[in-house]
Amino acid sequence: MMKKKLILKVSAILIVIIFVSLIFILINWKNLFNENRPIENLKAIYQIEIKNKEIAQTSDVHNTIQYISPEDKLDPFIDVMNKKGYKLLEMDSSHNKLLFQKDNNIVSVSYETFAKKYIKIESPFVKE
């Protein structure tokens, strides 16, 4: 009898802790995740780690396409841009920028370290 009451109390405390944590995350969503979509980023990392892809596509809250690539591997993104008709003009590693050109259009693409082990590349395209 006493054991059941203890289990009920512990269960109630755990439920309250989980509920309060969820409320905290919902209230502070913007501060915790900024413009990121954490579930989409997890899907992209899953594709890289489990499915052994070189690059995975994700997006931010503004539906701007982003790519995640392991460590310092920018070549898969350069290949993606080449397939879209863009040619790499300049790679500026000191400012984490890539310059691409297609016809007379020049596009600057920035990238940054993401979760210590990956690079997140900001694509100039919007998700449709």
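Of the inter-residue distances, the one linking K84 atom NZ with S123 atom OG reads 5.5 Å to the nearest 0.5 angstrom. One distance of note links CD of Q57 with NZ of K43; it measures 12.0 Å at 0.5 Å rounding. In this structure, NZ in K116 is found 13.5 Å from CD in E71, a value given to the nearest 0.5 Å. Separation of atoms NZ (K51) and OH (Y46) is listed at 5.0 Å; rounding is to 0.5 Å. With values rounded to the nearest 0.5 angstrom, K120 atom NZ is found 7.0 Å from E112 atom CD.
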Practice problem: Show the numbers, then the answer: is there a side-chain hydrogen bond (donor to acceptor under 3.5 Å, both in side chains) between S59 and E40? | Solution: CA-CA 7 Å; S59 66; E40 281 203 34; 3.2 Å; yes
Practice problem: Mind running side-chain hydrogen bond (donor to acceptor under 3.5 Å, both in side chains) on N96 and S110 for me, showing each step along the way? | Solution: CA-CA 6 Å; N96 294 344; S110 63; over 6 Å; no
Quiz item: What do the steps show when you test L98 against D92 for side-chain contact (heavy atoms from CB on, under 4.5 Å), and what is the final call?
Solution: CA-CA 6 Å; L98 302 170; D92 184 2; over 6 Å; no
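Note on F114 and V109: separate hydrophobic clusters, where clusters join Ile, Leu, Val, Met, Phe, Trp and Tyr whose side-chain heavy atoms are under 4.5 Å apart, directly or indirectly. With hydrophobic clusters built from ILVMFWY side chains whose heavy atoms lie under 4.5 angstrom apart, M81 shares a cluster with L74. In the hydrophobic clustering of ILVMFWY residues, with side-chain heavy atoms under 4.5 Å counting as a link, V80 and I65 come out together. Cluster annotation: F100 and Y67 are assigned to the same hydrophobic cluster (Ile/Leu/Val/Met/Phe/Trp/Tyr, side-chain heavy-atom contacts under 4.5 Å, transitive). In the hydrophobic clustering of this structure, I55 groups with M91; members are Ile, Leu, Val, Met, Phe, Trp, Tyr whose side-chain heavy atoms approach within less than 4.5 Å, directly or through other members.
Checking side-chain atoms of K87 against main-chain N and O of D103 turns up no donor-acceptor pair under 3.5 Å. No donor-acceptor pair under 3.5 Å is formed between the side chain of T64 and the backbone N or O of D60.
Side-chain contact between I119 and T113 is absent, with no heavy-atom pair separated by less than 4.5 Å. Counting heavy atoms from C-beta outward, V107 and L99 have side chains that stay 4.5 Å or more apart. In this structure, the side chains of I48 and I68 come closer than 4.5 Å at one or more pairs of heavy atoms.
Partner I17 forms a side-chain contact (heavy atoms from CB on, under 4.5 Å) with one of I13, V20, I15 and no other, that one being I13.
Between K117 and E49 there is a salt bridge, since a side-chain N of the basic residue sits under 4.0 Å from a carboxylate O of the acidic one.
For A44 against A56, the heavy-atom pair with the smallest separation is O-CB, 3.4 Å. Nearest heavy-atom pair across N82 and L88 is OD1-N, 4.4 Å.
In this structure, E54 places its CD atom where only 12 or fewer heavy-atom neighbours from other residues, nucleotides or ligands lie under 6.0 Å away.
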